[in-house]
Protein chains: 2
Amino acid sequence: MGELRRPFSKAIAVLRWLVDASHGSYGVREISAAMNAPVTTTHRALNALLQEGLVVKNDSNRYTLSLEAYRLGLALAPKSPWREVCMPFVRRASRETGETAAFSIFDPVRLQRFTAARMESDHAVTIVDRGYWKPLHAGASGLALLSFLDEATQAEVLGMPNISRETTQTIIDPIELRKKMEAVRAKGYAVTRGQLIAGVVGIGAPVFHPDGRLLGSMYVSIPEQRFAERREDPIAASLLACCSAFTNQLARGWTG
Amino acid sequence: MGELRRPFSKAIAVLRWLVDASHGSYGVREISAAMNAPVTTTHRALNALLQEGLVVKNDSNRYTLSLEAYRLGLALAPKSPWREVCMPFVRRASRETGETAAFSIFDPVRLQRFTAARMESDHAVTIVDRGYWKPLHAGASGLALLSFLDEATQAEVLGMPNISRETTQTIIDPIELRKKMEAVRAKGYAVTRGQLIAGVVGIGAPVFHPDGRLLGSMYVSIPEQRFAERREDPIAASLLACCSAFTNQLARGWTG
DNA sequence: TTGAAGTGTTTCTTTTAGTGGAACGAATGG
DNA sequence: CCATTCGTTCCACTAAAAGAAACACTTCAA
């Protein structure tokens, strides 16, 4: 009856869930359900986290991330090798386009991306998202990455089980996706409408490491109402300039 | 010969060490030494972390924090319930005093503090520190907390084994410390010179939760050369105003 | 060229503590 | 007041964590 035993994995899964999904306190059974694990195991994992001071239990026996957990986050965030390097370029892109600009990091292991830095525009209406891992097949930022990967990796991504329909505009057919990717490569950047968030136009371009490997993508998000066709060219030009400036800076001394 | 078995604890210790002490890559034996644990155990812990994607192993078999680890930090930091609440007051204190202002959170379990938010002054010379847990017996921020704790807790702190001499100015004699604390209580804030960092004057005042318990302290750090005696009063006044404004804001609806 | 001293990793037996279904006692609520 | 939740404890079972030692590999000096 003995199932696979990986206490560390279980506890980290709980921690990760609390970090990603959370803002508040949760009961054992609630967490257990999310983990898809027996209550006892989750309870034990929570106790381990409790002992390490990463979660706290309040008066009504519900669990929350602890101050120490937040401290670790606060200590880690500024050390992130990415933020400091990409922030100037994100700022520049936002200033030049007048819209919300951001930089997505590509993870060659997960074959996913996440937004590492973002600069909101001054407009009252801006786009918010929550900075978790995102797929490559949907949205300008993802497609700007996917389209410039090598053939083998592209095939791997297209074959992944989580080619999900994020919105009604998401392309999930491999053939159509390949066609779209071809168009992206031809232009040098990706333009999508509401593929990831309904009502949002995205323009994204790849950022390469000087050694040639794909690092991430810079992108701009614009509410559909505010976007006009004629804005595409100048925005894309500005974005591409930022991307190559980024690569150049990396070339001038940074051993990533 | 079987020692205590706590795989989760070991792995978290390694992770924490990497987060706190690190900016770079480390070998197994190096980490093992820092952990004060057998190489094998550390190796296993690293493998667990590796499997969870929290660390990565580079070509020369050295270990570093992974992108995913940084992502967790980036995801966690902005969610910190502290930053968003205290940031406005830190900004105000910095603006009013013209110096670097910060807010320290008091942890009633660890009986330590750490800096949750900081606003640098515009001067060329500013104070930097690294945001880990700090003791209460040294520096204005710590003393502003220690002095306003209840008698029993104070005794516990003074009896702790880590009453360390941070600089030559640190007071470590319990009797002298009590005298200093008495003075702090009388004034309502703490002024220290170089107790934590040589050449830095600190002025700190306690922040209370509306329900009366001690939350943290706001403090200002000034390079000694730039500090004049006559500046103490206005800075302290500004600080105390910020602190009570903070408490008032908490009273107006925040269920900390 | 050799070998001493590093490194990270694997092997191995012992034994602890993780596993999870079931039972428990305290809240909660219709 | 019983039914249903909750978090927690109990328990036999056994997988995996422990850690000394051997291993494979690189480095570097003699």
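Lettering follows sequence order; numbering is per chain, from 1.
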T41(B) side-chain proximity, nearest of dA18(D), dA22(C), dA15(D): dA18(D)

Distance-only donor-acceptor test, R5(B) side-chain atoms vs dA17(D) base atoms, 3.5 Å: yes

Residue whose closest nucleotide on DNA chain D lies nearer the 5' end, R44(A) versus V39(A): V39(A)

Length of the line joining N47(B):CG and dA18(D):C1', which is rounded to integer Å: 15 Å

dG7(D) OP1/OP2 closer than 4.0 Å to side-chain N/O of K57(A): no

Salt bridge flag under 4.0 Å for residues R178(A) and E151(A): yes

Under 3.5 Å donor-acceptor pair, T40(B) side-chain atoms to dA20(D) base atoms: yes

Base dG8(C) paired with R29(B) side chain (donor-acceptor, <3.5 Å): yes

Gap between atoms CZ and P, on F8(A) and dA18(D) respectively (whole Å): 12 Å

Main-chain N/O of F106(A) paired to R113(A) side chain as donor or acceptor, under 3.5 Å: no

Touch class at under 4.0 angstrom, heavy-atom based, for Y63(A) against every strand present: sugar-phosphate

Rounded distance (Å) that lies between atom C1' of dT5(D) and atom CD1 of I31(A): 16 Å

L46(A) CG to dG18(C) C1', straight-line distance once rounded to whole Å: 15 Å

Length of the CG-P vector between N61(B) and dC25(D), whole Å: 12 Å

Stepwise side-chain contact (heavy atoms from CB on, under 4.5 Å) check, F208(B) with F246(B): CA-CA 8 Å; F208(B) 294 94; F246(B) 197 155; over 6 Å; no

Length of the CZ-C1' vector between R6(B) and dA17(C), whole Å: 11 Å

Carboxylate-amine/guanidinium proximity below 4.0 Å for K134(A) and E166(A): no

Length of the line joining N36(B):CG and dG19(D):P, which is rounded to integer Å: 12 Å

Side chain proximity check, V207(A) to F89(A), heavy atoms < 4.5 angstrom: no

dG7(D) OP1/OP2 closer than 4.0 Å to side-chain N/O of H43(A): no

